[in-house]
Number of protein chains: 2
Amino acid sequence: MSQHTSRPDVQRSRHHQTPPTLATVADEAGVSRQTVSNALNNPDLLRPETLERVQSVIERLGYSPNRAARQLRSGASHLIGLRFEPAQEGTSNALMDRFLHTLVETASRTGHHVLLFSGNPQDPLDGYEDLLRSTAVDAFVVTDTYAGTPQSGFLQERGAPFVTFGRPWDEPDADHAWIDVDGAHGARIATEHLLEQGHRRIAWLGWEKTSRIGQDRRSGWEAAMRAAGVETAGLGVRLTDNVDAARMAAHALMEDPSITGFVCASDTLGIGVLHACAERRLRPGVDVGVVGFDDSLAAQVTWPGLSSVRQPLEQVAVEIVRILHTVLAHQPLEERGRMLRPTLVVRRSSTRTG
Amino acid sequence: MSQHTSRPDVQRSRHHQTPPTLATVADEAGVSRQTVSNALNNPDLLRPETLERVQSVIERLGYSPNRAARQLRSGASHLIGLRFEPAQEGTSNALMDRFLHTLVETASRTGHHVLLFSGNPQDPLDGYEDLLRSTAVDAFVVTDTYAGTPQSGFLQERGAPFVTFGRPWDEPDADHAWIDVDGAHGARIATEHLLEQGHRRIAWLGWEKTSRIGQDRRSGWEAAMRAAGVETAGLGVRLTDNVDAARMAAHALMEDPSITGFVCASDTLGIGVLHACAERRLRPGVDVGVVGFDDSLAAQVTWPGLSSVRQPLEQVAVEIVRILHTVLAHQPLEERGRMLRPTLVVRRSSTRTG
DNA sequence: CCCCCGCTCTGGATCGTTCCAATCGTAGAT
DNA sequence: ATCTACGATTGGAACGATCCAGAGCGGGGG
C-alpha cells in the first residue's frame, strides 16, 4: 500500500511519540513527498483539490516540518541571533525588555524565532563567529553599537546579514542597514516643552563627553536653547549615570535661582534632580521643571511622576524585522538607515497646571 | 588525493564563503569523517597524535559543526525554548531581564542557546505545540506558572523535557522538575526586620486573594507576626498592583498612628506607601518602616531608597540549567523541586539609624 | 494527425552530520 | 603458529526536508 518506507506503526504505542514526517503525510494523502513540500512552500503549484486533501492530512496528523531537516537542505534556519548583554550601563535594561518582546512577536509572524547568545563582555565579537560558522542563524540584530564597536565591520566583512539598532557613528565606509532613535530630537522636544511651561534657564544633565549617544542628546538641548535665544554657558554638566551624582549637580545648579528647568540624559539623572528638589522643599512641576529620558518604570512610579522622552522601541523592532526580511530576500534597500522620532510623556514633574 | 567528494576549491574566491565541513577537515587531516566526528564528540577514542592532528586542522580552517546537520542526525538541537511574555502584571519585568541573562550565559557554557518565542496571550499553550512538532528545541523553561496554568500538564503529557520556574501550586499529580523562590520566607524576613527596628503593628499590602503567589507571601507576614505575638486583624489589605491604590490604602491605615510598619507584595506597592509618607510629612525609616518586594530598579532609585526582598534569580537560572541537563541526560532527579531563599536588601526606608 | 507546451506531480539526489557494523593491525593467551 | 581480544579507524546508511530533472496528461496550433 505504502510506496514509501514510512516508520512502523509502533509509534503510537510509545509514550514519547515520534512526530509525523513529510513522508508520513505523503503516504496518508496518497501523494509524493515533493507534493507535500509544495503544499507548504508553493501552494499555488498544486491543483486546488490536491492542496486541500494534503492540508487536511497535515491538519489531522498535526504535522510541522522538522526544522533541522529544512534548515540543512535549504540553508535557512529561520533564527535571528541577538547577543544579550547584562544590564548595560546608562541605558536602563527595561528598555531592552520592551524592545525584545516586540522583536520576538514580530519575527514570529513570519516563522522566525529569536536566538539569544552571550559572549565574553571583554570581547564584543565573541559568540558571533561560532554562530556564523555553524550556520545557526540567518541574521543578526546588533544592539550595542555605541561608537567604535567592531561588530558591524566584522559582520559586514563576513558577508553576514544584519541590522543594527544604532546608527554607525564614526564609520564613513559603513554601508549596512540600521535603525536608530533621534536622541537629539528627543532632547529638543523636552527642552521646548519646558520653554513652553515658562522656564528660560534650562540646564542639561548629561553623560561624559565620550558617550556619542549622550553628545547627540545634548545637541538637541543646545539647538532648542539657541532657537529660543537663551545662552547655554554654564548650564550643561557631564556626569556618570547615577542618582547621587545628579542630585549633587542639581543642588549646585539650584544655587542660581534663575535656573528652573532640567533636561536629563536619563531617568536616573532626572530622579536625582527630583531628590534635590525634595531636599530643598521645591515642588517639582510648580517651582522646577524636570524631564528624564527613556520612560522607565522608575519614571512612572516615582513621585510625583517624572516626565520623560520615550523611545518608540516597538516601532524599532518592527522596522528591524522588516529590514531583515528585505536583506534576507536579497532585495535592495530603499534606504540605508532610518531615524525614528521619540515622543514626550508628560507627567507632573513638568506641568504647572497639574 | 582526496577520497571524499569535497567542495571545489573555488570557495575561497567567493565573497560569501562557504564554511568548511566535516569532510573538508577529514580530507585535510587525511582521516575519515567519522574520525573527525569522534575528535569532537569522543576525543578519548582517538590516539593522542591523531587527535592533535585533527584538532590543529579544525583550528586552522576555523571549523564548527553545522548545527542543522548535527541536530537532524542526533536529534538534539541544543536549544532551550522560553516563551517570552510581555511585561507581566505584578512581577516587574526587570526581573525577567536579570533571570534571562544568567540563563543565557549559563546555558552557553554547555553549548546551549536560548530560543525565545511568543504566543497568543489568550492561549498559554500557543507556541509550544509547534516547536515540539518541529523538534526545534530540546527542552522548555516555563516561567509563568501561576496557579492553574496548563503548560506543565500539557508538556508532561507530551513527554517533553521541561523545568518550571514556579512550584506546581494546586496540582497534586504533577511530577515535573521545578525551582521556586520562597516568597513566604521573603515576607517573613522583611517583617522580622521591621520588628527588630521596633515596629509592632505592621501592615501587609498585598494582592487579590486569587493570586497564589500573593497568598504565599502574605502567609510569611502572618507567620512572623504570630511568632511575635502581634494580632494581625485589620492589618492586611488586598489591592491591585499600582502606586495609587497603595498610596490610598496606606493613608487609610496611617489614620491609626499605632501602625508604623508596612510590608508590601511588590515594590510598586511599597513606593505607594512612600508617597503617602511624603504627603503626611512622615519620614520613611524614621517614623515609618517600609519594605517592598523584588528589588526593582525603582526601589533602588526612589527616595530615600526602598528596602526590598530580592529574589536570587541568578541562582534560579543556574539551577534550572543544571536540572535541564539532568533531565536531558535521562538521569534521575535527586529531588522533584527545590526552593530557594530570597534575601533582604535594606535601604533607608526601613532603617532608623540611616 | 502529430508535435509541443504547460500544468501536475513524481522519484532520485543531496545538505552535513552521527549511528552502526565492519575492518585492520597488534598484542596477549592458548 | 593460531585464535581471541581489543584499540583505532573506516565507509555506508540514515536523519527529514528541499532541489532538480523528468514523466504523464490534456489541449491548442500547425
Side-chain angles (χ1 to χ4, degrees), chain A residues 2-8 11 18-54 58 61 63-78 111 132-136 138, chain B residues 2-8 11 18-54 58 61 63-78 111 132-136 138:
Chain A
S2 159
Q3 49 188 328
H4 302 286
T5 52
S6 66
R7 79 190 58 263
Q11 63 176 102
T18 311
T21 72
L22 201 147
T24 319
V25 176
D27 276 7
E28 202 80 13
V31 295
S32 73
R33 301 190 320 274
Q34 183 60 43
T35 302
V36 179
S37 177
N38 284 336
L40 292 165
N41 302 318
N42 301 88
D44 47 333
L45 287 183
L46 300 202
R47 214 170 42 197
E49 57 210 75
T50 313
L51 177 59
E52 191 176 357
R53 181 156 44 100
V54 172
I58 288 177
L61 297 185
Y63 166 76
S64 292
N66 181 303
R67 290 185 90 98
R70 183 193 282 244
Q71 173 178 358
L72 176 58
R73 184 67 250 234
S74 70
S77 66
H78 294 271
L132 273 179
R133 282 179 181 165
S134 57
T135 64
D138 289 348
Chain B
S2 159
Q3 49 188 328
H4 302 288
T5 51
S6 68
R7 79 190 58 260
Q11 64 176 101
T18 312
T21 72
L22 202 149
T24 319
V25 176
D27 276 8
E28 202 81 13
V31 296
S32 73
R33 300 189 321 272
Q34 183 59 43
T35 301
V36 180
S37 177
N38 284 337
L40 293 165
N41 303 318
N42 300 87
D44 48 331
L45 286 183
L46 300 202
R47 214 171 40 197
E49 56 211 74
T50 313
L51 177 59
E52 192 175 357
R53 183 155 43 99
V54 173
I58 289 178
L61 297 184
Y63 166 76
S64 292
N66 180 303
R67 291 186 89 97
R70 183 192 282 246
Q71 174 178 357
L72 176 59
R73 183 65 250 228
S74 70
S77 65
H78 294 270
L132 272 179
R133 284 179 181 166
S134 58
T135 65
D138 289 349

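In this structure, L72(A) atom CG and dT14(C) atom C1' are separated by 9 Å, rounded to whole Å. Rounded to whole Å, atom C1' of dT17(C) lies 18 Å from atom CZ of R133(A). Rounding to whole angstrom units, CD1 of residue I58(A) and C1' of dA17(D) are separated by 13 Å. dT18(D) atom P lies 9 Å from atom CG of N38(A), rounded to whole Å.
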Would you mind writing out the side-chain donor-acceptor pairs for residues 42-53 of chain B within the sub-3.5 Å range, not counting sequence neighbours?
unit_1: R53(B); atom_1: NH1; unit_2: A29(B); atom_2: O; d: 2.5

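The side chain of S37(B) contributes no N or O atom lying less than 4.0 Å from OP1 or OP2 of dC19(C). Side-chain N/O atoms of S74(B) include none lying less than 4.0 angstrom from OP1 or OP2 on dT18(C). The phosphate of dT17(C) (OP1 or OP2) has a side-chain N or O of Y63(B) nearer than 4.0 angstrom.
Closest approach to the T21(A) side chain among dC15(C), dT17(C), dA17(D) is made by dA17(D) (side chain taken as heavy atoms from C-beta onward). Listed nucleotides dT18(D), dC15(C), dT10(D) differ in distance to R70(A); the shortest reach to its side chain belongs to dT18(D).
For the segment residues 40-51 of chain B, residues with any heavy atom less than 4.0 angstrom from an atom of DNA chain D are, sorted by number, L45(B), L46(B), R47(B), T50(B).
In this structure, L72(B) and A69(A) approach most closely via the heavy-atom pair CD1-CB, 3.8 Å. Nearest heavy-atom pair, P20(A) versus L61(A), reported as atom, atom and distance to 0.1 Å: CG-O, 3.6 Å.
Checked by distance alone, R73(A) brings a side-chain donor or acceptor within 3.5 Å of a matching partner on the base of dT18(D). For dT18(D), its base sits under 3.5 Å from the side chain of R33(A) at one donor and acceptor pair at least.
Judged purely by atom type and a 3.5 angstrom limit, D138(A) has no side-chain atom pairing as donor or acceptor with the backbone of A76(A).
Looking at P65(B) and L40(B), their side chains come closer than 4.5 Å, going by heavy atoms from C-beta outward.
Rounded to 10 degrees, the angle separating the terminal helix axes of the helix from dC1(C)-dG30(D) to dT30(C)-dA1(D), each built from five base pairs, is 60°.
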>> If you apply the rule side-chain contact (heavy atoms from CB on, under 4.5 Å), what do you find for L22(B) with V25(B), and how did you get there?
In response: CA-CA 5 Å; L22(B) 202 149; V25(B) 176; 5.8 Å; no
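With sequence neighbours excluded, the residues that form a side-chain hydrogen bond (donor to acceptor under 3.5 Å, both in side chains) with S64(B) are D130(A).
Sorted by first and then second residue, the pairs that involve residues 65-74 of chain A and meet side-chain hydrogen bond (donor to acceptor under 3.5 Å, both in side chains), not counting sequence neighbours, are N66(A)-T135(B).
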> Once each nucleotide of nucleotides 21-27 of chain D is scored for protein heavy atoms under 4.0 Å, what B/S/- sequence comes out, 5' to 3'?
Replying inline: -------
